[in-house]
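Only one structure is covered here, and it is reproduced in the block below.
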Amino acid sequence: MTSPDLVTLSAEHVAAWLRKHPHFFDDYPALLTQLHLSHDTNAASLIERQVAQLRRRNEELEERLNQLIAIASDNDRLFGQLREVMLGVLDAESAAQLGTRLYSALREPFGCEQLALLLFREECESPWRSCVQTEFEQRLPGLLRHHHALAGKWRRDELRYLFGDDGLQLSSAALIPLLKGDQAVGVIALGSTEASHFRSSMDTLFITHLGDIIARLIARLDRGATHSA
């Protein structure tokens with residue numbers, strides 16, 4: 001007589017039972033070579049399929065590891081370059097001198113073709129460019145509110161506003177807000193002709209910190225200029 005349990009046994013029951021007993025095939029290893037899974041016109045034993053899946057998983061993990069190593073290497077390189085930038089500007093004696101050093105020092109680390117230094121004040125010395133904060137926030141809303149650097153593609157009118165007519169040749173940019181606490185001092189803009197050079201997915205932690213430090217240097221230099229006046 002056939003057991004009622006066997007009559008009602010389904011593939012779902014078998015699958016559920018195997019999930020609860022993952023070591024079943026340890027006691028019956030020969031079954032692994034007798035079970036076959038079809039794929040298109042080919043058939044492979046269960047153990048061969050598992051080996052292939054493990055191999056693909058290993059390749060994915062290796063690729064991910066290589067990506068993490070590359071990111072760590074890039075971050076280490078960028079940190080070293082930004083350290084050199086900071087050491088070169090810490091002893092600047094004026095905002096103009098600070099801007100000149102930044103203008104020449106930031107191009108190589110970021111591989112950018114254009115660089116714009118904006119200050120939110122009525123007048124400033126070259127290479128800084130005077131900018132009205134309310135106008136900036138209207139044209140590029142969100143940057144100052146988020147309190148961190150943003151990178152990616154920008155509209156042509158936004159790039160032209162940041163870089164002048166040279167901005168029409170650019171395809172991507174990184175914008176670094178200069179913030180002293182909640183007070184916005186200005187913005188550093190880095191532009192590239194390559195659309196993928198400054199990506200929205202790039203890590204902006206280091207350049208955000210750079211902006212915070214530059215903002216404090218400007219405030220210190222302003223105080224020094226006021227006292228000496």
ask   = Just how far is it from atom CG of L117 to atom CG of L162, taken to the nearest 0.5 Å?
value = 11.5 Å
message = Using the rule that Ile, Leu, Val, Met, Phe, Trp and Tyr join whenever any side-chain heavy atoms are under 4.5 Å apart, tell me whether V14 and F24 fall into a single cluster.
response = yes
inquiry  = Do H13 and L18 have side chains that approach each other closer than 4.5 Å (heavy atoms only, starting at C-beta)?
reply    = no
All pairs passing ring pair (Phe, Tyr, Trp, His ring centres under 6.0 Å) where residues 103-143 contributes a residue, at least two apart = F120-F136
query = Is the shortest distance from a Lys or Arg side-chain nitrogen in K180 or D222 to a carboxylate oxygen in the other one below 4.0 Å?
reply = no
task = Nearest 0.5 Å please: distance from the CG atom of L98 over to the CZ atom of R220.
result = 9.0 Å
request  = Could you please spell out the steps behind the side chain to side chain contact (heavy atoms under 4.5 Å, CB included) verdict for Y161 and E135?
outcome  = CA-CA 10 Å; Y161 174 71; E135 181 184 357; 3.6 Å; yes
ask   = Considering all heavy atoms of both residues, which atom of L118 and which atom of C131 are nearest to each other, and what is their separation?
value = CB-CB, 4.3 Å
F198 with L178, same ILVMFWY side-chain cluster at under 4.5 Å = yes
inquiry  = Treating R156 as the side-chain partner and G167 as the backbone partner, does any N or O pair qualify as donor plus acceptor under 3.5 Å?
reply    = no
query = Any chain of hydrophobic side-chain contacts (each under 4.5 Å) joining L175 to L159?
reply = yes
E108 atom CD, neighbour heavy-atom count above 12 within 6.0 Å = no
inquiry  = Testing L179, D212, T208 one by one against H147 for a side-chain contact (heavy atoms from CB on, under 4.5 Å), which residue passes?
reply    = L179
task = Quick one: do L119 and R129 satisfy side chain to side chain contact (heavy atoms under 4.5 Å, CB included)? Show the steps, please.
result = CA-CA 6 Å; L119 284 181; R129 194 172 87 231; over 6 Å; no
ask   = Where do T204 and L150 land on the side chain to side chain contact (heavy atoms under 4.5 Å, CB included) test, with the steps shown first?
value = CA-CA 7 Å; T204 58; L150 294 177; over 6 Å; no
Gap between atom CZ of R83 and atom CZ of F206 - 0.5 Å precision = 13.0 Å
Expected output: side-chain S130 to main-chain E122 donor-acceptor under 3.5 Å = yes
query = Would L168 and W154 show up in the same hydrophobic cluster when neighbours are defined by side-chain heavy atoms closer than 4.5 Å?
reply = no
remark   = Interatomic distance, CD1@I213 vs CE@M86, rounded to 0.5 Å, equals 4.5 Å
inquiry  = Quick one: does any side-chain atom of R139 pair with a main-chain N or O of E158 as donor and acceptor, under 3.5 Å?
reply    = no
inquiry  = A side-chain contact here means heavy atoms from C-beta on lying under 4.5 Å apart; do L106 and C112 qualify?
reply    = no
request  = Kindly give the heavy-atom pair with the smallest separation between V89 and I214, and that separation in Å.
outcome  = CG2-CD1, 4.3 Å
All N/O donor-acceptor pairs, side-chain side in residues 183-190, below 3.5 Å, sequence neighbours left out:
none

inquiry  = To check you understand the geometry: which heavy-atom pair defines the closest contact between F163 and G191, and what is its length?
reply    = CZ-N, 3.6 Å
key: Pairwise distance CZ(R121) to CD(Q133) - rounded to 0.5 angstrom   = 12.0 Å
Backbone of A96 reached by a side-chain donor or acceptor of E125 within 3.5 Å = no
message = Does E60 have more than 12 heavy atoms from other residues, nucleotides or ligands lying within 6.0 Å of its CD?
response = yes
query = Is a donor on one side and an acceptor on the other found under 3.5 Å between the side chain of S172 and the backbone of E194?
reply = yes
ask   = So do L115 and L102 actually touch side chain to side chain, heavy atoms under 4.5 Å?
value = no
key: R145 side, atom CZ; H148 side, atom NE2 - distance, nearest 0.5 Å   = 10.0 Å
ask   = Does CD in Q67 sit with more than 12 non-hydrogen atoms of other residues, nucleotides or ligands closer than 6.0 Å?
value = yes
L140 with V132, same ILVMFWY side-chain cluster at under 4.5 Å = no
request  = For P177 and L144, work out which heavy atoms get closest and say how close.
outcome  = CB-CD2, 4.0 Å
ask   = Okay, side chain of N66, backbone of E62: is any donor-acceptor separation there less than 3.5 Å?
value = yes
ask   = What's the shortest heavy-atom distance between R107 and E113, and which atoms?
value = NH1-O, 2.8 Å
